[in-house]
J.: 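Input: one structure, supplied below.
One-based numbering, in listed order, for ligands and for the atoms of each.
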Amino acid sequence: MEIKQVKLVYFSPTGTTRKVLESIAAGIGTSDVEHIDLTLPEGAQQSAPPFSDELVIIGAPVYGGRLPVDAISRFKQLKAGSTLAILIVVYGNRAFEDALLELKDLAVDLGFIPVAGGAFIGEHSFATGDLPIANGRPDSRDVQKSVDLGARIKAMITALPSPDAQVDLEIPGRFPYEGGARAMIVSPALRQDACTVCGTCAGVCPKAAITINGSVVTEVELCIRCSACIKNCPAGARVWEDSMMKKIATWLNENCSVRKEPEIFGIDG
Ligand SMILES: Cc1cc2nc3c(=O)[nH]c(=O)nc-3n(C[C@H](O)[C@H](O)[C@H](O)COP(=O)(O)O)c2cc1C
């Protein structure tokens, strides 16, 4: 089969999932690459046309060993008709647990034919300079692995006579899935002295939880702790000050410092 077009479908508040997907697409080498970015509420409202004979790469971060609830609800608007899909989760060097299996089951329900999966590592949403957790990842080694995966996907799909030739893709994980992001009503603090009210935080919030009205107002009940406002603030005015969030980041920094490597499923190394 020929890969005519690649579509990247993702939910990626701090951009690491997006970066992995882009590197895989670079390895596939098709010039026709379209982004369907479902991170922001307005992106989520756009209705994607049904997929058919393109190759779709679907990516999401891991939250509590599962898919983020908002990624699931946004992916659920997608429809596919026997469309080949590559499934990617990106996690912060702790564990991906049931997230990739959950993504595979969701993709099958939507009409995709998953042919390969991967779990990559991205800088943890809660990481800071003082409490690093996989900082800077995906780094050049990860990017090389993503590009290599893209090249192998291309070779595999080119050799396929038809999508029906696929065998079932085996993905590790438990069903019923366990875990999930813990429910916490908390949002990043605002350093009033540093904030320039530029509005960047409001523009990157996947939940539209931040409004600018002379000052920055955050609706704490909506916050999913994705940390996009922190990582994108040009003035460093958004920070985690909550004691439980600091405890979690300290635990991750102390217990998840050994470098994990990307894992690929359904395609030989
Ligand atoms: C609420 C929440 C829960 C998370 N849970 C996990 C987890 O269970 N395991 C892990 O390794 N990383 C976890 N992470 C880290 C993200 O998976 C990681 O930072 C990922 O690279 C973020 O993707 P993005 O840049 O596309 O937003 C969590 C992040 C958040 C915000």
J.: Answer yes or no: is there a donor N or O on one side and an acceptor on the other, between the side chain of Ser73 and the main chain of Asp70, under 3.5 Å?
T.: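 Yes, Ser73 side chain to Asp70 backbone: donor-acceptor pair under 3.5 Å.
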
J.: Considering both backbone and side-chain atoms of Arg18, is one of its nitrogen or oxygen atoms within less than 3.5 Å of a nitrogen or oxygen in ligand 1?
T.: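 No: no nitrogen or oxygen of Arg18 is under 3.5 Å from one in ligand 1.
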
J.: Among all protein non-hydrogen atoms, which one is nearest to atom 29 (C) of ligand 1, and what is the separation to 0.1 Å?
T.: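 So the nearest neighbour among protein heavy atoms is Ser125 OG, 3.3 Å.
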
J.: Do Pro188 and Cys229 have side chains that approach each other closer than 4.5 Å (heavy atoms only, starting at C-beta)?
T.: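 Answer yes - side chains close enough.
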
J.: Any atoms of ligand 1 less than 4.0 Å from a non-hydrogen atom of Gly64? List them with their elements.
T.: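 Contacts of ligand 1 toward Gly64, numbered from 1: 3 (C), 4 (C), 5 (N), 6 (C), 7 (C), 8 (O).
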
J.: Numbering the atoms of ligand 1 from 1, which are under 4.0 Å from a heavy atom of Cys226?
T.: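 Atoms satisfying the 4.0 Å criterion: 31 (C).
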
J.: Counting non-hydrogen protein atoms only, what is the nearest one to atom 27 (O) of ligand 1? Give residue, atom name and distance.
T.: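 The answer is Thr14 N, 2.9 Å.
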
J.: Flag Gly15 as yes when one of its N or O atoms lies below 3.5 Å from any N or O atom of ligand 1, and as no otherwise.
T.: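 Yes, at least one N or O pair falls under 3.5 Å.
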
J.: Tell me, do Gln77 and Leu38 make a side-chain contact under 4.5 Å, heavy atoms counted?
T.: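 They are in side-chain contact.
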
J.: Got the closest protein heavy atom to atom 31 (C) of ligand 1, with its distance?
T.: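 Protein heavy atom with the smallest distance to atom 31 (C) of ligand 1: Arg225 O, 3.1 Å.
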
J.: Give the atom numbers and elements of ligand 1 that come within less than 4.0 Å of a heavy atom of Thr16.
T.: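 Here the atoms of ligand 1 in question are 20 (C), 21 (O), 22 (C), 23 (O), 24 (P), 25 (O), 26 (O).
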
J.: Could you list the atoms of ligand 1 found under 4.0 angstrom from a heavy atom of Val90?
T.: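 Per the distance check, 17 (O), 20 (C), 21 (O).
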
J.: May I ask you to identify the nearest protein heavy atom to atom 17 (O) of ligand 1, giving residue, atom name and distance to one decimal place in Å?
T.: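 Closest protein heavy atom to atom 17 (O) of ligand 1: Val62 O, 2.7 Å.
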
J.: Using a 4.0 Å heavy-atom cut-off, which part of Glu123 comes near ligand 1: side chain, backbone, both, or neither?
T.: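 Within the 4.0 Å criterion, Glu123 contacts ligand 1 through backbone atoms alone.
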
J.: Under 3.5 Å between some N or O of ligand 1 and some N or O of Phe11?
T.: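 The answer is no, given that Phe11 and ligand 1 share no N or O pair closer than 3.5 Å.
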
J.: Which is closest to atom 30 (C) of ligand 1 in terms of heavy atoms, Tyr91, Phe96, Phe120, Tyr63?
T.: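 Heavy atom nearest to atom 30 (C) of ligand 1 belongs to Tyr63.
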
J.: Does Gly92, backbone or side chain, put an N or O under 3.5 Å from an N or O of ligand 1?
T.: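 So ligand 1 has an N or O lying under 3.5 Å from an N or O of Gly92.
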
J.: Under 3.5 Å, side chain of Lys104 to main-chain N/O of Ile171, donor-acceptor pair present?
T.: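 No, the answer is negative, given that no donor and acceptor are paired below the 3.5 Å cut-off.
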
J.: Just to verify, which of Asp148, Ile57, Val6, Ile28 counts as forming a side-chain contact (heavy atoms from CB on, under 4.5 Å) with Ile153?
T.: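 That would be Ile28; it is the only one of Asp148, Ile57, Val6, Ile28 passing the side-chain contact (heavy atoms from CB on, under 4.5 Å) with Ile153.
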
J.: Is it true that Pro13 lies under 4.0 Å from ligand 1, counting heavy atoms only?
T.: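 Flag set, Pro13 near ligand 1.
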
J.: Within the 4.0 Å heavy-atom shell around Gly122, which atoms of ligand 1 are there?
T.: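 It comes down to these atoms of ligand 1: 21 (O).
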
J.: What part of Asn93, side chain from CB on, backbone N/CA/C/O, both or neither, has a heavy atom under 4.0 Å from ligand 1?
T.: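 Asn93 to ligand 1: backbone contact only, side chain stays beyond 4.0 Å.
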
J.: Indicate, as side chain, backbone, both or neither, the part of Ala95 found under 4.0 angstrom from ligand 1 when only non-hydrogen atoms are considered.
T.: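 The part of Ala95 near ligand 1 is the backbone, not the side chain.
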
J.: Between Phe51 and Phe112, does the ring centroid distance fall short of 6.0 Å?
T.: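 Yes: the rings meet the under 6.0 Å criterion.
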
J.: May I ask whether Phe126 has any heavy atom positioned less than 4.0 angstrom from an atom of ligand 1?
T.: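 Yes, that is the case, since the closest heavy atom of the residue is under 4.0 Å from the ligand.
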
J.: Check each of Phe120, Tyr63, Tyr177, Tyr91 against Phe96 using the ring pair (Phe, Tyr, Trp, His ring centres under 6.0 Å) test, and report the only one that passes.
T.: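 That would be Tyr91; it is the only one of Phe120, Tyr63, Tyr177, Tyr91 passing the ring pair (Phe, Tyr, Trp, His ring centres under 6.0 Å) with Phe96.
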
J.: Are side-chain N/O atoms of Arg238 and Ser227 paired as donor and acceptor at under 3.5 Å?
T.: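 No - no donor-acceptor pair under 3.5 Å links their side chains.
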
J.: Flag Glu97 as yes when one of its N or O atoms lies below 3.5 Å from any N or O atom of ligand 1, and as no otherwise.
T.: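 For ligand 1, there is no N or O atom that lies under 3.5 Å from one belonging to Glu97.
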
